[in-house]
Each structure stands twice: as C-alpha cells, then as structure tokens.
Amino acid sequence: MTKHKEGKPGSLQDKRSGVLPTTVLLVALCGLSFYLGGIFCAEKNKFEVKNVVDIAKAVPSPKESTVASLQMKFATFPECSLDYQDYTPCTDPKRWKKYGMHRLAFMERHCPPVFERKECLVPPPEGYKLPIRWPKSRDECWYRNVPYDWINKVKSNQHWLTKKGEKFLFPGGGTMFPQGVSAYVNLMQDLIPGMKDGTVRTAIDTGCGVASWGGDLLDRGILTVSLAPRDNHEAQVQFALERGIPAILGIISTQRLPFPSNSFDMAHCSRCLIPWTEFGGLYLLEINRILRPGGFWVLSGPPVNYQNRWRGWNTTVEEQKSDYDGLQKLLTSMCFKLYNKKDDIAVWQKTSNGSCYSRLAKPDTYPPKCDDSMEPDSAWYTPLRPCVVVPNPKLKKIGLKSVPKWPERLHIAPERMSEIHGGSASAFKHDDSKWNVRAKHYKKVLPALGTDKIRNVMDMNTVYGSFAAALIDDPLWVMNVISSYGANTLAIVYDRGLIGTYHDWCEAFSTYPRTYDLLHLDGLFTAESHRYYRPSSISNFSSPMAISWRTD
C-alpha cells in the first residue's frame, strides 16, 4: 500500500547559524501537515524521496558534525477504484450536470466541496508501464498508460494518432495540416520570420488536440503551453503530457485563463472551433490580454481561405465571407493588424502603438478600454469582461521588439521587476545564482535529474523561475507555479522565456493523474502554513519523485 509521509524535524545543529529558532520550527511543523507530506531540511541537509513507498533518508553534509534523527509518521490511505484512474477533481465530467451549459461553463474549474473530496490514492490503469523516455515519447506512448480508443477512432482520418500493437503512434497530423505538423510549421515560419531568430519564444495553443503543434515547436526553440478542456475528445491533455509536451486542462469560457497579461509572444488556433466573434468578442479579448504588444495571433481553419474551403464547412461562401469580415473588423477595433496570410493560415499582430489604444477611451467605442479598477494580471477565478486590457504605458520594454531574443532574455532582469515589491536587478541576479548552485546539488542527490528519466517537472512555489532557468540545458521542461494570492511574479517568468500558471494549492491542479515526473517545492510549507489542508490529489498527478529544500 502506498503511504503518505509526514516528517518531524528533531533538533538540528548548523555550524554556521547555531540552533534553529523556535518560531521557524513551529512554522515547519505546521507546514508538514500539507498533503504532499514532503521532506525538508536546512540548507546544508539533503533529502531524497526515491519513491512514494520508500522511507525518506536524511543524508548529512560532510561539513556538519551532528544531525538529529528524523521521527517519521505514516498514514495509510485506501486505493480508489479503477473508475478514478483518470480522475480530475475540478473538471470531473460526473459533476457537469450541476453547472450551466451557457458558453460551456460546465467545462471550467468546479472543485468539489470539502465533504466531497476523495481521500484515496488514484490507481494506474491495468497494465500501466513507465512512460517512454524523451525524445522518443514525442512520437509514441504505451496504449495502456492512456487507454482511450474513442479519440483514435473519431480522429483517425486526421492522423492525430494511430494504435499499433501496444502503442499509440503520433504521426503529427491535424485538421489543418494533412501534410504533417512540420510542413505546417514551416509555412508558418515563412509568414512569421521571428519564429526563426529567437524573437518568438513563448506560445499558447488553444484547443491543442494532442499537442503536436507544441511538440514540433520544441525543436525550434519555442516553448508552448498547450491548452484543451476535458471534453468528448478523451484525454487530449493526458496524451500531450504522456508525450512529454507541456499542457494543462483549460477552456476560454467565462473566466480568465490563469496567466498574467502581456505574456505570450504568440497564440495559435488551428480549427479549435472557438466562436471568436460571439459574445462581444470576449474570447478574442482574452487572447489580447495575455498576448504581449507586438505578439502574433495565428488562425488556421474557418473562416480563413473561405473562398476555397467553404464547401467542406457545410456552409455558404457568403456566410464565411461575413464571418471573416466580422473577425477582421473586431481585430482592427482591438488594435490588431493583418500581418501576413497564405493559404489556410492568417496571422495578425497586436500593435505596440499607444495612439491606437488611446482611441479606445472615446465614448461609444466598442470594445472599450478596460477601466483602472480591473487588474490586468488578475486571473484566478476572474470573470471575462468585454473590454480591451491596454498595456501599461509606463512599461516601455514588454513589447516583442523590446524584449531580448531567446536565449539572452533568460538571464536578463525584465523591466517588470520594478513592479514587484522588493524586486530589482540585483535580487533577480541573486536568485539566479542561488538556484544555479542548488540545481548542481540536486543532481548529486538525485542523479536522474538532467537525464532522460525526468521530463515533466513542476516547480510548485517558484519566484522568478530561476530553478527552471538553471535546468534549461537539460532534456526537461518546467511548469512554474505562482500562488494565486501571493506576490505576482509570473510575468517575470514569462518575460524570461519560461512558462507557468497561477494556482491555489487548496485545490487540485489542472492536470490528469501521473503526468509529472518531478515535483519541486521550496518554501511552500512555510508560505501555506497559515492554512489547514486535507490530504488531496497532489501525489496523484506525479511520478514517485520529489525534492524539497528548506530555505526560510
């Protein structure tokens, strides 16, 4: 039976700092009730959690003379039934009937109340195997790890995936790229030269399918958040993560996406069936919010190329022309301009020109400029509003032309550091240096880190994304998580060319079980010690490895 671990630190003597203060020990004890039951220690102590059934072992630093033994307590949880093998608590289809159909709001996050939360361990499917290692995993995965035939049968003509023996194969097909995803991206690069020289680094793919577009971009130096809801296309996001491609569950419906404003360099929709011009253009206004000035919005599929494609869309050429003209009018009113277009792909660019945004403040303008009461980065259960989030005119260097190209931007303090309390270039540099040292230490504790054994990583309580930056040359990617109520540093993460999301750890993360290889946390228990936790689903979406490092 898999066990839940809680550690109590004994008295710990550090030659450099003396006896640890009583108040810190109290905070630490509170934090250890957190449902992960992670292990932490002072900076010179190392702990490795080899797997979720092993007892954590304390490894003393050679420089220390005395280390008190840890007293471990164990709690046993029952195993959930096999019906819960793909359980996603906050996007559970069994609860959809409780919520409204309007704008597909039932597919958004609706977390169960405390009395309905499950306190059992999600089991793997029968026949589950360790995932195929990257980069081979991009092209194939074990069928038993994601045993869903529906998507294979329904999308077989589009070549999303095919089943062969014990594996699913991913040939890189899609609705709008019958010649394969690489040919599709090659055409896109011809339309957007910035995709080739490091100008475009971060992207979001709405309605991602099995994330073949984001997977292809990885070799081109572009890091993509692939986004899809849990819907009748079974396990799209689970397939993506099983392949080792960044993805989260999500939908543009009634709430903002969990990202800061002016973050992504590019947004993409390949026949994602989002009604962009409906509801006052709300969905496109949200894309505008998260796209940085000078960023690109790419659309392929209806109504692009309607002159040649309308017959296959069960509509008329007049209807499709009207849709395209309406889309163009809406984008122009939001300060976008048509950047390039060829065949089935159209590219618009968000302007960096402040004079266009100033016109939005005029009476009877639609969509209007958002008023000052709407925080542009507020994005955790924040309703969509029919207005344009205008870039802060005080920030001159957040536009795509002003942000350093990749990879230089990774280690340059972004302009938005000035917006953070206590933020400065020196604080940024110190955080970067600190995590370079610690990442090297982690690799001594956990030799698998930096090899093909660890691909999907989550930093559960990042500040500036420096842990991810320290691992940038390793064959992995990191989902940087910022507290939904803490200091808003997620914009810094994106300005560096990394990805992440807001989250409240009182709730389940927006992913499927068994989708992360490594969970990293630093200072999370202290930050969350003022709140009481019930055992939750954190261990369900990870493979059996985790590192924590006590620094507070």
Side-chain angles (χ1 to χ4, degrees), residues 36 38-39 41 45-54 56-57 59 61 124 128-142 144-146 167 170 211 214-224 226 238-247 406-407 410-411 432 434-460 462 465-481 496-500 511-522 538-539 541-549:
L36 175 61
I39 309 301
C41 65
N45 285 7
K46 300 176 285 186
F47 290 89
E48 178 181 2
V49 181
K50 291 185 177 179
N51 55 55
V52 294
V53 298
D54 289 343
K57 299 179 180 180
V59 183
S61 168
Y128 178 85
K129 299 181 181 180
L130 288 177
I132 295 170
R133 294 177 181 176
W134 182 266
K136 194 176 180 180
S137 63
R138 178 165 41 193
D139 300 321
E140 59 184 46
C141 76
W142 296 113
R144 288 296 178 185
N145 289 14
V146 195
K167 294 179 179 179
F170 302 91
D216 184 84
L217 288 176
L218 288 171
D219 282 343
R220 305 175 192 243
I222 298 175
L223 190 59
T224 303
S226 294
Q238 193 170 15
F239 275 117
L241 288 159
E242 184 73 16
R243 299 175 70 185
I245 302 170
W406 180 262
L410 182 64
H411 297 296
D432 230 16
K434 176 177 69 177
W435 283 106
N436 274 327
V437 172
R438 291 179 179 175
K440 293 177 182 178
H441 181 66
Y442 281 177
K443 290 178 179 179
K444 295 178 181 178
V445 176
L446 185 62
L449 183 59
T451 73
D452 62 2
K453 294 181 180 179
I454 294 177
R455 172 64 184 171
N456 301 350
V457 178
M458 181 186 293
D459 192 356
M460 297 171 60
T462 194
S466 297
F467 172 68
L471 301 176
I472 199 65
D473 293 326
D474 295 328
L476 55 81
W477 62 272
V478 179
M479 179 63 72
N480 294 281
V481 181
R496 302 186 69 173
L498 304 171
I499 59 172
T511 192
Y512 281 86
R514 304 172 303 280
T515 46
Y516 282 86
D517 306 317
L518 179 79
L519 303 179
H520 172 262
L521 54 153
D522 171 69
I538 188 170
S539 63
F541 62 78
S542 67
S543 296
M545 289 186 178
I547 287 181
S548 64
W549 191 309

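Note that the structure is a prediction, hence the values are computed from the model and not measured.
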Carefully, step by step, assess Thr511 and Met479 under the rule side chain to side chain contact (heavy atoms under 4.5 Å, CB included).
CA-CA 12 Å; Thr511 192; Met479 179 63 72; over 6 Å; no
Under the side-chain contact (heavy atoms from CB on, under 4.5 Å) rule, collect the residues that match up with Pro135, sequence neighbours excluded.
Arg138
Sub-4.5 Å side-chain heavy-atom contact between Leu476 and Leu449
yes
So, do Thr462 and Val478 sit near enough that their side-chain heavy atoms are less than 4.5 Å apart?
no
Under the 3.5 angstrom rule, does the side chain of Arg455 hit a backbone N or O of Gly244 as a donor-acceptor pair?
yes
Could you list the residues that satisfy side-chain hydrogen bond (donor to acceptor under 3.5 Å, both in side chains) with Asp474, not counting sequence neighbours?
Lys443
Search all heavy atoms of Leu498 against all heavy atoms of Ala468 and return the closest pair with its distance.
CD1-CB, 4.1 Å
Atom CG in Leu241, atom CG in Asn456: separation rounded to 0.5 Å?
5.5 Å
Evaluate the ring planes of His520 and Phe467, with Trp represented by its six-membered ring, and classify them as parallel (under 30°), tilted (30 to 60°) or perpendicular (over 60°).
parallel
Residues two or more places apart in sequence or in another chain: which of them pass salt bridge (Lys or Arg N to Asp or Glu O under 4.0 Å) with Arg243?
none
What are the two closest heavy atoms between Asn145 and Gln238, and how far apart are they?
O-NE2, 4.2 Å
Do Arg514 and Glu242 make a side-chain contact, defined as non-hydrogen atoms from C-beta onward lying under 4.5 Å apart?
no
Taking every heavy atom of Asp517 against every heavy atom of Ile454, the minimum-distance pair comes out as OD2-C, 3.9 Å
Smallest separation among heavy atoms of Ala211 and Ala240, with atom names:
CB-CB, 3.5 Å
Report the residues that fulfil side-chain hydrogen bond (donor to acceptor under 3.5 Å, both in side chains) with Ser226, sequence neighbours left out, ordered by chain and then residue number.
none
Excluding sequence neighbours, so at least two apart, what forms side-chain hydrogen bond (donor to acceptor under 3.5 Å, both in side chains) with Asn480?
none
For Gly215 against Ile245, the heavy-atom pair lying closest together:
CA-CD1, 3.6 Å
Working to the nearest 0.5 Å, report the span between CH2 of Trp435 and CG of Asp522.
4.0 Å
Going by heavy atoms in the side chains, are Phe239 and Tyr512 under 4.5 Å from each other?
no
With sequence neighbours excluded, residues passing salt bridge (Lys or Arg N to Asp or Glu O under 4.0 Å) with Lys136
Glu140
Salt bridge (Lys or Arg N to Asp or Glu O under 4.0 Å) with Arg144: which residues, sequence neighbours excluded?
none
Do you know which two heavy atoms are closest between Leu130 and Trp142, and how far apart they sit?
O-NE1, 3.3 Å
Please name all residues satisfying ring pair (Phe, Tyr, Trp, His ring centres under 6.0 Å) with Trp477, sequence neighbours left out, ordered by chain then number.
Tyr516
Can you name the residues that form a side-chain hydrogen bond (donor to acceptor under 3.5 Å, both in side chains) with Lys129, not counting sequence neighbours?
Glu166
Who passes side-chain contact (heavy atoms from CB on, under 4.5 Å) against Asp432, sequence neighbours left out?
His411, Phe428, Ser466, Ala469, Arg496
